[in-house]
Participant: 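Let me begin by handing over the structure; questions about it come next.
Per chain, numbering begins at 1; letters A, B, ... match sequence-line order.
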Amino acid sequence: MESFWKWHVIPENLGFFAGGFRLTLTIFAVAWVGCWAFAIVFGAMRHSPRPWLRYPAAAVVEVIRGTPGLMFVVWVYFLSQPLIGYALSPFWAAVWALVIHQGAYGAEVVRAGLSSVPAGQVAAGYSTGLGYLSVMGWIVLPQALRNMAPAVVNRSVALFKNTSLAFVIGVIEFFRAGTIVNGRENASFSVFTFLAAVYFVCCFSLSRLGQRLGQRPGVIEDTTAV
Amino acid sequence: MRVGAAALVRRRPWFETPGDRRAFLLVWGPVAAFVVWYFFFGPRAQYDYNWRWPVVWQYRGFLLRGVGTTLYIFAWSLAFSLVLGLCCGIGRSTGVRWVRALSTGYVEVFRNIPLLVQMWWAYFGLQQIVNAALNEPFGLRILVPSTVACILALSLYTGAYMGEVVRSGIRSIPRGQWEAATSTGLSRAQMWRHVVLPQALVIVIPPMASEVLNIVKNSAVAMTIAITDLMFYSQKIEEETFAGFEAYTAGTLLFLLLTLLTVGAIYLLQWLLGLKVRTAG
């Protein structure tokens, strides 16, 4: 029993865990904003009637969606220098990787949301003399956002889970803090159970919110395991 | 130029009008020109990177071995997660309360914990349990193989998502079908076997396909517990040659190839089953 029942390491290293958790939250918050900016731009492009916007956006989104998130994090971190001539710090590499990778999945959510509004309504809007912005602001978005809300929350849960990938490039976020404590104390059972419990509490409460938003017909579901 | 509402709404197919072709060149031409300039003459060119693409061919053995391991993990995880997902999806739709509670609990727990944490738990945490329960009392030396831990975690994680897919497929069967099955005197098992599942399992193929693709992509996480998969070997080539760009690009392209082949296989399956269902990537 002695060897694996080592719960005392959690309170002993609580400050270290808290620091890691704070960094996880920071990555999540920054990447969340960027992810949805990316998603809105590319989702709107993919929804556009103009083929010269639709096809390039589709190519970008599909290629990113076909690549593992972990590969993306490593790619952005190691290749920022040969590719853009500027070495990103691990933190910003992780943020950019998550923005682009999760943004591509978010773009699909945005596209599905925009498509959930019948084309007849958009046409009616244009024929009453409204412009693009008015049609979007008064007709499409109020309906699309309500239909998208649960999928947006689910995507955010996925983003939160994926912040743990930042660990491979040496960002000391919550998961890496756990592995460091584990390396010092040799308490993998206790440490990883603790990590799992904390991640579970955060993600479960978020996804409960998503389920509450999704108790109506006509909503879009996004339950992709990435 | 005045544009009618129809032109603003109808999704025009591939470059129908000359205006579309012009707009494509006018918008993306400068973007492409800027990228080319930036890459070859702009600030990036200041950083002198030594391109060594032959390295990829030189280390093709590594990449092939990596693909092999990834496919091995993929195959086992696919088999286990399909079974898990099916059981769990049916379990969540039955009237038996404890079965439903069990499957709901499973789905919620495994969907809300990062795969990375699950994999490390299955590898390092499980080893400590095995040590305390078997190795120390009985003087054994059992080691949890990393492949087992990886396949276990990947199957449990994907199975939870597949369970949700199967459940929503079952839920989409109209009430009338259940009632008709009951009123023709079918037993509960016969109803599932002959009425509900044949219809539900066809409906779930497209969303299931995207979960299958996710196994390929998520298997990259196995690299962190020293599984020698494609991701691992990409990193190994980088470590041996310092040609990081080339190695990771090759790895990424191979992952893309694997996902494309999987999509192709799923299309083939649908065609063999004679179904006309669109597969979502």
Participant: Roughly how far apart are A:Leu79 CG and B:Thr252 OG1, rounded to 0.5 Å?
Facilitator: 8.0 Å

Participant: Without swapping roles, check the side chain of B:Tyr248 against the backbone of A:Met71 for a donor-acceptor pair under 3.5 Å.
Facilitator: no

Participant: Less than 4.5 Å to any heavy atom of chain A: does that hold for the side chain of B:Ser234, its backbone, both, or neither?
Facilitator: side chain

Participant: Using only atom types and a distance under 3.5 Å, with no angle test, would you say the side chain of A:Trp52 pairs donor to acceptor with the backbone of B:Leu26?
Facilitator: no

Participant: Counting only heavy atoms closer than 4.5 Å, note whether A:Ala197 contacts chain B via side chain, backbone, both or neither.
Facilitator: neither

Participant: Given the options A:Gly85, A:Pro56, A:Ala124, A:Gly66, which has more heavy-atom pairs under 4.5 Å with chain B than any of the others?
Facilitator: A:Gly66

Participant: Below 4.5 Å, heavy-atom pairs only: which of B:Phe39, B:Trp28, B:Trp121 has the largest tally toward chain A?
Facilitator: B:Trp121

Participant: Output yes when a side-chain donor or acceptor of B:Gln128 lies under 3.5 Å from a complementary backbone atom of A:Asn186, and no otherwise.
Facilitator: yes

Participant: Need one label for B:Thr224: side chain, backbone, both or neither, based on atoms under 4.5 Å from any heavy atom in chain A.
Facilitator: side chain

Participant: Which heavy-atom pair separates A:Tyr105 from B:Asn214 by the least distance, and what is that distance?
Facilitator: OH-OD1, 4.3 Å

Participant: With rounding to the nearest 0.5 Å, note down the distance linking OG1 in A:Thr193 to CD1 in B:Ile129.
Facilitator: 7.0 Å

Participant: If you count heavy-atom pairs within less than 4.5 Å of chain A, which of B:Leu256, B:Leu258, B:Thr259, B:Val216 leads?
Facilitator: B:Leu256

Participant: For the interface with chain B, which of A:Phe160, A:Phe78, A:Phe175, A:Trp75 has the highest count of heavy-atom pairs at distances below 4.5 Å?
Facilitator: A:Phe175

Participant: Given a strict heavy-atom distance threshold of 4.5 Å, which part of B:Met162 is in contact with chain A: side chain, backbone, both, or neither?
Facilitator: neither

Participant: Verify the neighbour count for atom CH2 of A:Trp138: are there more than 12 heavy atoms of other residues, nucleotides or ligands below 6.0 Å?
Facilitator: no

Participant: Working to the nearest 0.5 angstrom, can you tell me the gap between A:Tyr55 OH and B:Asp20 CG?
Facilitator: 10.0 Å

Participant: Rounded to the nearest 0.5 Å, what separates atom CZ in B:Phe24 from atom CG in A:Leu53?
Facilitator: 10.5 Å

Participant: By a 4.5 Å heavy-atom criterion (distance strictly below it), what part of B:Tyr38 contacts chain A: side chain, backbone, both, or neither?
Facilitator: side chain

Participant: Does the side chain of A:Ser188 pick up a donor-acceptor pair with the side chain of B:Trp120 at under 3.5 Å?
Facilitator: no

Participant: For the CG atom of B:Asn112 and the OG atom of A:Ser205, what is their distance to the nearest 0.5 Å?
Facilitator: 8.5 Å

Participant: Mind ranking B:Phe245, B:Trp51, B:Phe124 by heavy-atom pairs under 4.5 Å with chain A and telling me who comes out on top?
Facilitator: B:Phe245

Participant: To the nearest 0.5 Å, tell me how far A:Phe204 CZ sits from B:Ile113 CD1.
Facilitator: 11.5 Å

Participant: For a side-chain contact (heavy atoms from CB on, under 4.5 Å) check, start with the C-alpha distance between B:Glu238 and A:Val74, then their side-chain angles and the critical distance, and finish with the verdict.
Facilitator: CA-CA 11 Å; B:Glu238 195 264 338; A:Val74 174; over 6 Å; no

Participant: Based on non-hydrogen pairs under 4.5 Å, which of A:Thr67, A:Val201, A:Ile84, A:Leu195 is most in contact with chain B?
Facilitator: A:Ile84

Participant: Flag the one option from B:Leu25, B:Val109, B:Val221 with the top tally of heavy-atom pairs under 4.5 Å to chain A.
Facilitator: B:Val109

Participant: Between A:Leu165 and chain B, with a heavy-atom cut-off of 4.5 Å, which part of the residue counts as in contact: side chain, backbone, both or neither?
Facilitator: both

Participant: Could you tell me whether the side chain of A:Lys161 and the main chain of B:Arg111 form a donor-acceptor pair under 3.5 Å?
Facilitator: yes

Participant: Between A:Val63 and chain B, which part of the residue has a heavy atom less than 4.5 Å away: side chain, backbone, both or neither?
Facilitator: both

Participant: Count the heavy-atom pairs under 4.5 Å between each of A:Gly120, A:Ala119, A:Ala196 and chain B, then report the option with the highest count.
Facilitator: A:Ala196

Participant: Below 4.5 Å from any heavy atom of chain B, which atoms of A:Phe167 appear? Answer side chain, backbone, both or neither.
Facilitator: side chain

